[in-house]
Amino acid sequence: MDVGVDYRQIIARRAAQEIQHGMIVNLGIGIPTLVADYLSPDIQVMFHAENGILGSGPSPEAGQENPMLCNAGGFPVTVVPGASYFDSTVAFGIIRRGLLDMTILGALEVSEKGDLANWIVPGKRVPGMGGAIDLAQKSKKVIITTRHNNKDGSPKIVKSCSLPLTAPRCVDMVITEKAVLEVCEDGLLLKEVHQDFSVDEVKQATGAPLKVPDHVEVFQ
Amino acid sequence: MDVGVDYRQIIARRAAQEIQHGMIVNLGIGIPTLVADYLSPDIQVMFHAENGILGSGPSPEAGQENPMLCNAGGFPVTVVPGASYFDSTVAFGIIRRGLLDMTILGALEVSEKGDLANWIVPGKRVPGMGGAIDLAQKSKKVIITTRHNNKDGSPKIVKSCSLPLTAPRCVDMVITEKAVLEVCEDGLLLKEVHQDFSVDEVKQATGAPLKVPDHVEVFQ
Amino acid sequence: MNHKRMNKIGTLDQAMEHFYSGMTLMFGGFGGVGNPPSLIQGILDRGIDELTIIGNDTAFPDIGIGRLVTAGRVKKVIASHIGSNPVAGELMTKGEMEVEFSPQGTLAERVRAGGMGLGGILTDVGLGTIAEEGKQKVEVDGRTYLVETALTAEVAIVHAKKADSYGNLVYDTSARNFNPLVAMAGDITIAEADEIVETGELDPEEIVTPGAFVDMVIPSRGVNWTWMWESTTDK
Amino acid sequence: MNHKRMNKIGTLDQAMEHFYSGMTLMFGGFGGVGNPPSLIQGILDRGIDELTIIGNDTAFPDIGIGRLVTAGRVKKVIASHIGSNPVAGELMTKGEMEVEFSPQGTLAERVRAGGMGLGGILTDVGLGTIAEEGKQKVEVDGRTYLVETALTAEVAIVHAKKADSYGNLVYDTSARNFNPLVAMAGDITIAEADEIVETGELDPEEIVTPGAFVDMVIPSRGVNWTWMWESTTDK
């Protein structure tokens, strides 16, 4: 891997390519937040925030913050032309009605069936689901951005989740620093590998079988 | 009855006396609409309209109407200071949450238990309940303003309603051109008689027994 | 297509491509106020019929959505009342138009529930009356509630005072009524607006319906009927 | 008393007469933004404890509603997450504070349902996860929904940008969040506002919470904590 390039940046840059002009997109906390930085300037999208904004924009300059105007992570934002504010029922009505074209979320585990576990580790970490269940279950497309493996090297992409699910069969695509995987009816398809890894390395690092097409694209 | 005084005006004038300063009040169509004209000028109330106004005011002058700003009966209104507009769920949330201090409605029949029938005559008149059920069931105080008898002389105030109910046990008071009746746990109490009628005349005109206290006030 | 996702301004002709006989149509408005006049005229002009319509009421025979009823274009109505439209009453009595009533507050919540992606709501309004007939009941903490199911429609039409190109909507005083609810409940939502401004010209605080719910905005040609109070005044 | 129905302006002291240990308290806000600072300070100063609190989240240990948690005043929390407040997590793990979670959109609807006088709502969010555990299910048109019950509280507290004397409220950008929902769901609702204007000065179109839902308005003394992003920036 390139020296000085954080795995987070690799993942965020690749995830940004999935976003198309005109989409309504919700970015989760962590890596997903970085995705906006890599959007092509000719692409206009409406970012949705659970706390009641459609059309949130970049961070304000220091000193220009309105402490009441924040993203769902609590950090000050601006808004783009066409933005609107609304209460939390409308924020989640937009989600529940299926109007979010894409949600980019983190994961603790993803199964080959597209099951997602990302909010609770019973007995250890019980922070509450926040909006994760609504987002995972109801978005038109759910993209998971995550490191390919846990710190101990164990796979986060598995045959079957061991943690309680956020939502069953909700994930469409997994983007890691090693690969881009698509969740298909019959399992995981290896769409792309990162230039620093081989197909075999990705297969070994993954806890579920991968379908490997004849030609696998390479991403940076 | 005084020459030139419509029974509607007698009822509306008496009903206006039930309204106290600061109340939130919904006036139904027909006689109830006239009640506002008899309010004492030192009493401030907020009139609620089902179509999404709190704080509707008098009719605008001719030529000053905004056709979009109407009461629930479709007639142009103005608004008073402190008024707000909202959608129909909020209009009925105010009702359902019990925030209407008083609703003044018309009736086809009222029973001695306070049952109200005012929207449907099966096979004859089936216009739909509109907001009548919500209003009758959920207002803190329901006052019925109605002519004491039907055109054929038969009583509208009865032991038991023969028509389908708008809401059971919802009526607190009935104001007619002949009397003011209060619905009590054990039946109807004759509170007042109109100056043109005797207690006996009211008793005869009513289809349910009346409790008559030693002293019955007279109203004009 | 992608372009249309940020700029949703269209023409009445383009809007009408989404309408067809036999469809389910939801409409904003209350007693005609807030019914979208140009879209209703478009439906009349194009001969679309056998409609199932969902909204608060059927207005008046010559006003708003009532004009579709009078023209015999409506197969079924879901509403809280049809009392202001005697033609609707006649068609119902003759068995030529089916009518399903909900209490007004319940109807508003059913439309909102559809728009919000909910299955329905629980209410005790109507218990002990014929409004509870045929409805599922649920006990919560020892109290009984009716299950009132969500409503959606293939197309929803609303009348806004102002819209921007993204489809953000602002309404005119009491013409708000059912409009913001209906705007959310269409699989396709088409708004006609008295004024259309560029995206960014509306204050994000004043927007009542976020553009996410709106698929197309067309300019309104304005109300093309005489209000009841106008004819009363004239006499 | 009657006077107070049209002019609801009060002081913090008058507001605090409605608070007592052991009560159920609902609060507006999201990650501290929109939590009412002066009312929270009042609760702290008066030693009120054993609270059941209902709101989106427990903010941060030194911010907003989180300050009540940190001070050990909270017996039970109903929220969508406590992730930003490690103190809340510790208290829950030690069994010193009970926590009940709802998915965020479901929680918002439960609060709104309480405020709207409904018994609850039907949603399929959380089906197939532990969020469905212990919940009643209902079938509608062959689909399964969870019954999510309405929430209300003895007192609801909100933070508004502007209020008028009648209690009409306007919020500040994304500080709207849960505030308008919570404002409806209190048996008594108390708003603190950054600015209080005379009745009639707010445009009826801009009002988000109609005064009917509000019992008292007090002037806000403003946020008395440092935001996370401020401390990050300072370093």
Side-chain angles (χ1 to χ4, degrees), chain A residues 18-26 39-57 66 68-71 77-103 131 133-140 167, chain C residues 1-9 26 109 111-121 150-153 156 160 162-171 180-189 196-217:
Chain A
E18 295 299 314
I19 298 178
Q20 291 163 28
H21 183 80
M23 278 187 168
I24 300 176
V25 178
N26 185 294
L39 266 192
S40 159
D42 56 332
I43 282 182
Q44 252 185 303
V45 296
M46 292 300 260
F47 286 112
H48 168 278
E50 300 97 293
N51 55 333
I53 310 173
L54 184 65
S56 58
N66 171 4
M68 298 295 126
L69 181 48
C70 290
N71 61 21
V77 292
T78 54
V79 290
V80 301
S84 51
Y85 306 123
F86 33 77
D87 72 43
S88 296
T89 60
V90 176
F92 282 86
I94 290 173
I95 298 170
R96 223 186 283 103
R97 187 84 170 111
L99 299 173
L100 276 194
D101 296 294
M102 185 178 289
T103 298
I133 293 181
D134 310 71
L135 285 163
Q137 186 176 333
K138 293 295 185 178
S139 302
K140 280 186 200 153
Chain C
M1 174 61 190
N2 267 341
H3 171 72
K4 293 307 282 180
R5 302 222 35 203
M6 296 306 289
N7 181 355
K8 300 173 184 174
I9 300 173
M26 203 180 273
E109 287 291 336
V111 171
R112 178 188 177 277
M116 286 276 163
L118 299 169
I121 55 108
L151 293 168
T152 58
K162 271 193 200 181
D164 68 16
S165 323
Y166 187 62
N168 291 305
L169 304 180
V170 170
Y171 303 94
L181 314 168
V182 166
M184 301 189 294
D187 295 335
I188 294 169
T189 292
I196 300 177
V197 301
E198 276 189 45
T199 294
E201 285 189 35
L202 295 177
D203 179 347
E205 296 277 16
E206 75 173 317
I207 291 166
V208 175
T209 297
F213 291 103
V214 178
D215 297 280
M216 190 184 287
V217 174

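Bear in mind the structure is a predicted one, so any value in this text is a computation, not a measurement. Here is the naming used below: chain letters follow the sequence lines, and residue numbers restart at 1 for every chain.
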* Which one of C:Val208, C:Asp164, C:Asp187, C:Leu202 has the most heavy-atom pairs closer than 4.5 Å to chain A? -> C:Asp187
* Once you round to the nearest 0.5 Å, how far does CE of A:Met23 lie from CZ of C:Arg5? -> 7.0 Å
* Side chain, backbone, both or neither: which part of A:Tyr85 has an atom under 4.5 Å from a heavy atom of chain C? -> both
* Structure fact -> Taking a cut-off of under 4.5 angstrom between non-hydrogen atoms, the residues of residues 91-100 of chain A near chain C are A:Gly93, A:Ile94, A:Arg96, A:Arg97, A:Leu99
* chain C contact via A:Val90 - side chain, backbone, both or neither, heavy atoms under 4.5 Å -> both
* Asked: Are C:Met6 and A:Met46 close enough that some pair of their side-chain heavy atoms sits under 4.5 Å apart?
  -> yes
* Interface residue of largest heavy-atom contact number with chain A, from C:Thr209, C:Ile207, C:Asp203, under 4.5 Å -> C:Ile207
* Heavy atoms, side chains only, cut-off 4.5 Å: are C:Arg112 and A:Thr89 in contact? -> yes
* Which region of A:Asp101, side chain (C-beta onward) or backbone (N, CA, C, O), has a non-hydrogen atom less than 4.5 Å from a non-hydrogen atom of chain C, or is it both or neither? -> side chain
* To do: Might you point out which heavy atoms bring C:Pro204 and A:Val79 nearest each other, and give the distance in Å?
  => CG-CG2, 4.5 Å
* To do: Could you tell me which non-hydrogen atom of A:Ser84 sits nearest to which non-hydrogen atom of C:Asn168, and how far apart they are?
  => OG-OD1, 3.9 Å
* State whether the number of non-hydrogen atoms from other residues, nucleotides or ligands found under 6.0 Å of C:Glu206 atom CD is greater than 12. => yes
* Going by heavy atoms in the side chains, are C:Tyr166 and A:Leu54 under 4.5 Å from each other? -> yes
